[in-house]
Number of protein chains: 2
Amino acid sequence: MNPKRQPGTSEAVYHRLKEQILHLELPPGSAISEIDTATRYEVSRTPIRDAFKTLSAEGLLEIRPHIGTFVSLIDLDMISDILYMREVLEQAVLRDLAQNHDKSQEFRIRLILQRQRELIESGLTLEELSRAFIVSDNEFHNMLYEMAGKTNVMLFFRTISSQYERFRTFLNLRGRDNLMCLYNEHLAIWDAISCQTYDALSNLISHHIYDGFNSSTDIVYSHPEYFKPVSQRAEF
Amino acid sequence: MNPKRQPGTSEAVYHRLKEQILHLELPPGSAISEIDTATRYEVSRTPIRDAFKTLSAEGLLEIRPHIGTFVSLIDLDMISDILYMREVLEQAVLRDLAQNHDKSQEFRIRLILQRQRELIESGLTLEELSRAFIVSDNEFHNMLYEMAGKTNVMLFFRTISSQYERFRTFLNLRGRDNLMCLYNEHLAIWDAISCQTYDALSNLISHHIYDGFNSSTDIVYSHPEYFKPVSQRAEF
DNA sequence: TATACCATTCTTGTATACAAGTGTCAATGT
DNA sequence: ACATTGACACTTGTATACAAGAATGGTATA
């Protein structure tokens with residue numbers, strides 16, 4: 001929950017591992033042992049175990065006792081439900097924001113949107129651009145939640161959506177067009193909030209959330225080993 | 001995530017501690033040290049630390065390095081946001097269920113409702129009744145989520161709502177009338193789903209979620225030491 | 001009397017040795 | 001040739017010793 005204390009050994013390892021997992025440098029399904037990681041980071045097993053446990057709670061690692069620890073496969077069924085939750089919650093939150101928002105809040109949003117425009121028009125590498133844009137995209141949505149007085153909703157969501165972030169990182173390495181598309185949708189969403197056009201707002205949010213994924217289903221089949229088989233109907 | 005393996009030492013400690021925290025046998029704010037707990041359960045510090053870390057991730061413990069570990073104070077601001085999320089999500093999920101539900105599913109719901117009626121009319125202690133009714137209440141709502149095909153939504157919600165469960169345990173020790181009220185609301189909710197009366201359904205859900213809390217604000221001031229001071233405006 | 005300071009003792013963080021379960025693979029017996 | 005079995009290497013789980021930070025309380029000093 002805490003942003004960051006002095007970077008204790010355990011938390012430093014956690015952040016570095018998480019970044020590697022989210023950027024697929026540690027690919028889904030790959031094995032990752034405590035002792036190997038400990039020697040790599042030149043620390044003992046204890047802080048490694050702490051980091052593993054936290055990542056496991058976030059669904060990014062799967063610890064199988066006496067067998068090994070593995071980077072979780074991407075669970076599309078779970079991501080589908082995360083998208084559903086995000087759709088429903090964001091529609092509600094932004095509808096509340098539209099009903100009750102200051103003119104003074106527009107400036108902060110315009111700043112973020114301007115930043116996104118400059119990113120797209122800059123000459124960054126595609127990978128650099130993707131990473132920077134994802135950061136700014138999160139800024140945009142987080143700012144909206146904060147303005148609506150629903151910071152905790154955003155925080156809760158972040159804790160359960162690491163899987164989602166990983167998949168998004170995977171997808172957005174595609175092209176500048178997608179990012180331009182996202183930027184335009186951001187503009188439209190804020191306009192809908194300003195004008196209090198509720199039905200349009202709901203539709204914009206749904207499209208904004210789902211479109212990037214629906215247009216990228218081919219990627220799933222280009223790396224099938226990264227994904228958890230669906231329709232297993234466990235528990236039966 | 002996994003229901004339960006063989007109850008390893010670490011997980012056994014986790015479950016026992018969690019139960020004690022949720023039932024307020026370990027009151028909010030109380031200190032709980034690793035070594036004390038280790039001697040109490042006759043194990044070493046390592047599995048205790050594992051359990052502490054998990055409980056900390058759920059927001060039930062607060063680990064302050066080199067100072068101590070404490071049972072978290074109940075955060076009403078956070079609970080307010082949990083209730084908001086539950087209201088929004090449950091309205092959406094049950095609306096989906098109403099649009100697309102089998103007649104065959106009614107039997108399973110009726111069984112649970114009958115069970116609740118029998119619990120209320122039985123001669124159990126108030127505390128026994130409360131605990132049993134909370135279990136059955138969760139069964140009812142979980143069944144609805146499962147019928148709507150949104151099991152993951154329910155699971156996500158459970159992981160972040162330990163705080164909420166603790167507060168609910170605290171409140172429901174009040175009287176048989178409240179439980180009877182909840183039971184009647186359950187009946188009404190299922191009727192609204194059957195009849196597909198969507199507006200009534202949304203209103204029923206909102207009332208069902210918020211009423212118990214709004215009628216019990218006095219309890220907060222009877223045990224002020226259990227609660228986190230509000231309007232601290234941290235981060236500034 | 002008030003205050004500054006130091007030591008003791010508590011806490012959790014880290015390192016490491018050992019225990020216990022799992023899978024691999026080769027040797028052996030059929 | 002095949003199957004079974006056992007040793008071995010590997011994993012994570014647990015126990016314990018030590019390090020480092022924090023708070024308390026007493027003592028010496030101004």
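What you see below is based on every heavy atom in this structure, not just the backbone, and it leaves out hydrogens, waters and symmetry mates. The sequence lines fix the lettering, A, B, ..., with proteins before strands; numbering per chain opens at 1.
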Chemist: Only one of A:Lys53, A:Arg49, A:Arg40 passes salt bridge (Lys or Arg N to Asp or Glu O under 4.0 Å) with A:Glu34; say which it is.
Modeler: A:Arg49
Chemist: Separation of A:Leu61 atom CG from D:dT12 atom C1', in whole Å?
Modeler: 13 Å
Chemist: Does atom CD of B:Glu42 have more than 12 heavy-atom neighbours from other groups under 6.0 Å away?
Modeler: no
Chemist: Checking A:Ser80 side chain against A:Leu76 main chain: does a donor-acceptor pair fall under 3.5 Å?
Modeler: no
Chemist: Within the distance-only criterion (no hydrogens, no angle test), does the side chain of B:Ser56 pair as donor or acceptor with the backbone N or O of B:Phe52 below 3.5 angstrom?
Modeler: no
Chemist: Between A:Arg64 and A:Phe70, is NZ or CZ placed under 6.0 angstrom from the six-membered ring centre and within 45° of the ring axis?
Modeler: yes
Chemist: Specify the separation, in whole Å, of atom CZ of A:Phe70 and atom C1' of D:dT12.
Modeler: 11 Å
Chemist: Polar atoms only, N or O, under 3.5 Å: list the protein pairs with nucleotides 18-20 of chain D and their distances.
Modeler:
none

Chemist: What are the atom names and distances for every N/O pair under 3.5 Å that joins the protein to nucleotides 23-26 of chain C?
Modeler:
none

Chemist: Could you check whether any side-chain N or O of B:Ser161 sits under 3.5 Å from a backbone N or O of B:Tyr164, counting only pairs where one atom can act as donor and the other as acceptor?
Modeler: no
Chemist: Nearest to the side chain of B:Ile63, heavy atoms from C-beta on, is which of C:dG13, C:dT14, D:dA15?
Modeler: C:dG13
Chemist: CZ of B:Phe52 versus P of C:dG13: gap in Å, rounded?
Modeler: 11 Å
Chemist: Less than 4.0 angstrom between a side-chain N/O of B:Arg64 and OP1 or OP2 of C:dT11, yes or no?
Modeler: no
Chemist: State which residues pass side chain to side chain donor-acceptor pair (under 3.5 Å) with B:His208; sequence neighbours excluded, sorted by chain then number.
Modeler: B:His141, B:Glu185, B:His186
Chemist: Just checking B:Arg115: does its CZ atom have more than 12 heavy atoms from other residues, nucleotides or ligands closer to it than 6.0 angstrom?
Modeler: no
Chemist: Take atom CG of A:Asp50 and atom P of D:dT12, then tell me their distance rounded to the nearest Å.
Modeler: 14 Å
Chemist: Tell me whether B:Glu25 at atom CD has more than 12 heavy atoms from other residues, nucleotides or ligands lying less than 6.0 Å away.
Modeler: yes
Chemist: Does A:Gln105 have any side chain to side chain donor-acceptor pair (under 3.5 Å) partners at least two apart in sequence or in another chain, and if so, which?
Modeler: none
Chemist: List for me each residue that meets side chain to side chain donor-acceptor pair (under 3.5 Å) alongside A:Glu128, sequence neighbours excluded, and say none if there are none.
Modeler: A:Thr125
Chemist: Just to be sure I understand the geometry, which residues of residues 34-43 of chain B put a non-hydrogen atom under 4.0 Å away from DNA chain C?
Modeler: B:Glu34, B:Ile35
Chemist: Go through A:Phe167 and A:Phe213 one step at a time and tell me if the ring pair (Phe, Tyr, Trp, His ring centres under 6.0 Å) criterion holds.
Modeler: CA-CA 9 Å; A:Phe167 191 43; A:Phe213 296 94; 5.4 Å; yes
Chemist: Round to the nearest Å and state the distance from B:Ile48 atom CD1 to D:dG13 atom P.
Modeler: 15 Å
Chemist: Give a yes/no answer on whether the side chain of B:Thr46 brings an N or O atom under 4.0 Å of OP1 or OP2 in D:dT14.
Modeler: no
Chemist: Taking only side-chain N and O atoms of A:Thr69, does any of them lie within less than 4.0 angstrom of OP1 or OP2 on D:dT11?
Modeler: no
Chemist: Ignoring backbone atoms, establish whether A:Thr9 has a side-chain N or O less than 4.0 Å from OP1 or OP2 of C:dT14.
Modeler: yes
Chemist: Give a yes/no answer on whether the side chain of A:Ser33 brings an N or O atom under 4.0 Å of OP1 or OP2 in D:dT11.
Modeler: yes
Chemist: Just to be sure I understand the rule, does A:Ile32 reach a base, reach only the sugar-phosphate, or reach nothing, if contact means heavy atoms closer than 4.0 Å?
Modeler: sugar-phosphate
